[in-house]
Amino acid sequence: MSVLSGKKILLAISAGIAAYKTASLVRLFIKSGAEVKVVMTPASKDFITPLTLSTLSKNPVSSTFYDKEDENELWNNHVELGLWADLMLVAPATANTLSKMANGTCDNLLLATYLSAKCLVYFAPAMDLDMYQHPSTKTSIEKLQEFGNVLIPATSGELASGLVGEGRMAEPADIVAFIENDVLSKLPLKGKKILITAGPTYEAIDPVRFIGNHSSGKMGFEIAKAAANLGAEVQLISGPTYQQITHPLVRRVDVVSAQEMYEAVHKEFANVDIAILSAAVADYKPKNSASQKIKKKDASLEITLEPTKDILASLGNIKSKQFLVGFALETENEIANATSKLKRKNLDMIVLNSLQDKGAGFATNTNKITIIDKTLNAALFELKSKEEVAKDIIHEILKRTDA
Ligand code: CTP
């Protein structure tokens, strides 16, 4: 999955011959899972038609402040477009457009949108080699970089003039790869390793029966996704669940019992920066698991249980640099119980779910959490989808670590 998946990309096209390549750019962005809107200068329509771009992007293309032929004369809102985008790419960026961007000129919709945009702006220059070398172009590029915009350098090669040299717009696939790498390198969890446990554990009574619980694993899987989307390398250790995850930064290990989860977690713990234990681990397991299926008898059946190892507490005992997060599912005296768990297990943060709250806990798509940290501050959150809750949890961890 591309890091651009789900991103809103505003492609701004100015009038250079390389504009013909923007059709491929739009296709590549769409293929990466991004949503694309196009704004273009009126003159760039001589190089590529808005119809091509609106068909490929599946969105209307804007080039003027309002459409003269439209009797309603609808205003194309540059502020809205600028705010809509997660990132903006000016490609091709001609010498003229670069100069205007650098100097705050605002005589077309593309420039007004650029000035309104709050997101990161990339620009891919394209022009003839002498124009590219001209001091005024160099000054424009430097100024734009000083403003925080990101240059995607032009490459060398044959130019439309027939001359050979620097000034060719980077190829569409290289532009997409450049932006992907840049976005990835700026993610807040880039380079961090996170261990996450999820789902229930099953403790065998005999070869066909077990003691388990209703945990769906959804919360842990959403946390894994949220962390990976912010660039973390995630080691997800999951009990039996139907949840699926496909993310290049998530490595999944499946386990069944609390003992297997304990071993898998301890294998990884020394190498991670953050551990989030959201699994609903069985607290007890049958003392003896029968090797053959237990036959029905008239007499009652007693199964003796013994405690499983507390994985979270065992990590609290050995942690050094790791930021350790536990979960608490409570039915009464919630804050007091969760706080005591935080202290007892030597945690940095605990995520509390109360079964008193409708829509919280196991097997729902929503959750309502309270986060308590070492300073014993309790932050209460609204009922939200587990996807949103996962983002809140990661955000709270980010606030408390150097990540
Ligand atoms: N946990 C664990 N290993 C266990 C049991 C629990 O790692 N054998 C972790 C869970 O993943 C969760 C936290 O401990 O992060 C809280 O689990 P919970 O069962 O609520 O806490 P307990 O310490 O078992 O306390 P109690 O049963 O009294 O609520």
Side-chain angles (χ1 to χ4, degrees), residues 194-204 210-224 227 234-241 243 253-269 272 274-287 305-319 322-357 360-363 367-374 378 386 389-390 392-394 396-397:
I194 304 194
L195 171 74
I196 296 168
T197 66
T201 63
Y202 288 175
E203 310 303 324
F210 59 84
I211 296 173
N213 60 64
H214 291 299
S215 167
S216 64
K218 189 162 175 61
M219 193 66 251
F221 276 65
E222 289 294 353
I223 297 171
V234 176
Q235 177 70 54
L236 174 64
I237 297 172
S238 174
T241 168
Q243 301 294 327
V253 172
D254 288 318
V255 295
V256 176
S257 65
Q259 181 60 28
E260 282 174 22
M261 188 173 276
Y262 178 93
E263 284 162 20
V265 164
H266 276 269
K267 222 166 120 191
E268 299 295 333
F269 188 63
V272 303
I274 298 165
I276 307 170
L277 271 63
S278 70
V281 186
D283 285 333
Y284 292 94
K285 62 177 181 182
K287 193 162 184 189
L305 302 180
E306 64 179 6
T308 55
K309 286 183 190 147
D310 190 321
I311 307 168
L312 184 59
S314 72
L315 298 185
N317 280 335
I318 59 167
K319 83 181 167 93
Q322 296 89 347
F323 189 87
L324 185 58
V325 182
F327 271 66
L329 180 63
E330 306 290 344
T331 53
E332 56 179 354
N333 301 325
E334 292 90 340
I335 300 268
N337 283 338
T339 306
S340 122
K341 229 168 253 181
L342 173 102
K343 290 182 185 160
R344 204 171 63 240
K345 301 194 187 189
N346 190 25
L347 310 181
D348 297 289
M349 199 174 107
I350 193 155
V351 182
L352 161 68
N353 306 293
S354 168
L355 277 190
Q356 307 260 20
D357 288 323
F362 283 180
N367 207 355
K368 186 168 183 330
I369 58 163
T370 301
I371 287 185
I372 306 169
D373 66 12
K374 269 177 137 174
K386 285 189 171 164
V389 172
D392 285 342
I393 292 170
I394 296 294
E396 292 298 317
I397 294 172

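First listed ligand is number 1; within each ligand, the first listed atom is number 1. Only this structure's heavy atoms are used, side chains among them; waters, hydrogens and symmetry mates stay out. Bear in mind the structure is a predicted one, so any value in this text is a computation, not a measurement. Residue numbers start at 1 and run along the sequence shown.
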Could you check [atom] against the protein and tell me its nearest heavy-atom contact, residue, atom and distance included?
atom: atom 7 (O) of ligand 1; answer: Leu312 N, 2.9 Å
atom: atom 13 (C) of ligand 1; answer: Phe327 O, 2.9 Å
atom: atom 15 (O) of ligand 1; answer: Leu277 O, 2.6 Å
atom: atom 3 (N) of ligand 1; answer: Ile311 N, 3.0 Å
atom: atom 23 (O) of ligand 1; answer: Lys345 NZ, 2.7 Å
atom: atom 18 (P) of ligand 1; answer: Lys341 NZ, 3.7 Å
atom: atom 1 (N) of ligand 1; answer: Asp310 OD1, 3.9 Å

**OP:** Show your reasoning for whether side-chain contact (heavy atoms from CB on, under 4.5 Å) applies to Ile371 and Asp392.
**Re:** CA-CA 10 Å; Ile371 287 185; Asp392 285 342; 5.7 Å; no
For ligand 1, which atoms, with element, lie under 4.0 Å from some heavy atom of [X]?
X: Thr308; result: 8 (N)
X: Lys309; result: 3 (N), 4 (C), 8 (N)
X: Arg344; result: 23 (O)
X: Asp283; result: 5 (C), 19 (O), 24 (O), 27 (O)
X: Ala279; result: 10 (C), 11 (O)
X: Gly326; result: 15 (O)

Is the backbone of [Y] close enough, under 3.5 Å, to the side chain of [X] for a donor and an acceptor to pair up by distance?
X: Thr308; Y: Ala282; value: yes
X: Gln322; Y: Phe269; value: yes
X: Thr197; Y: Ser278; value: yes
X: Thr201; Y: Gly239; value: no

Original post:
Considering the options Leu347, Leu312, Asn353, which one meets the side chain to side chain contact (heavy atoms under 4.5 Å, CB included) requirement together with Phe327?
Top reply: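 Of the listed residues Leu347, Leu312, Asn353, the side chain to side chain contact (heavy atoms under 4.5 Å, CB included) partner of Phe327 is Asn353.
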Subject >> Check: Ala280 N/O within less than 3.5 Å of ligand 1 N/O >> reply: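 Min N/O separation from ligand 1 is not below 3.5 Å for Ala280.
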Subject >> Partner of Ser354 under side-chain hydrogen bond (donor to acceptor under 3.5 Å, both in side chains), chosen from Glu332, Glu334, Lys368, Glu330 >> reply: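 Looking at Glu332, Glu334, Lys368, Glu330, the match for Ser354 under the side-chain hydrogen bond (donor to acceptor under 3.5 Å, both in side chains) is Glu334.
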Subject >> Reported CD1-to-CG distance for the pair Ile335 and Leu352, which is rounded to 0.5 angstrom >> reply: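 Here the rounded value is 5.5 Å.
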Original post:
Between atom CG of Asp348 and atom CD1 of Ile372, what is the distance when rounded to the nearest 0.5 Å?
Top reply: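 Asp348 atom CG to Ile372 atom CD1 measures 14.0 Å (nearest 0.5 Å).
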Original post:
Got a protein heavy atom sitting under 4.0 Å from atom 28 (O) of ligand 1?
Top reply: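 Protein heavy atoms within 4.0 Å of atom 28 (O) of ligand 1 - there are none.
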Original post:
What's the verdict on side-chain contact (heavy atoms from CB on, under 4.5 Å) for Met349 and Lys374, showing C-alpha distance, side-chain angles and the deciding distance?
Top reply: CA-CA 6 Å; Met349 199 174 107; Lys374 269 177 137 174; over 6 Å; no
**OP:** May I ask whether Thr197 has any heavy atom positioned less than 4.0 angstrom from an atom of ligand 1?
**Re:**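 The answer is no: ligand 1 sits nowhere under 4.0 Å from a heavy atom of Thr197.
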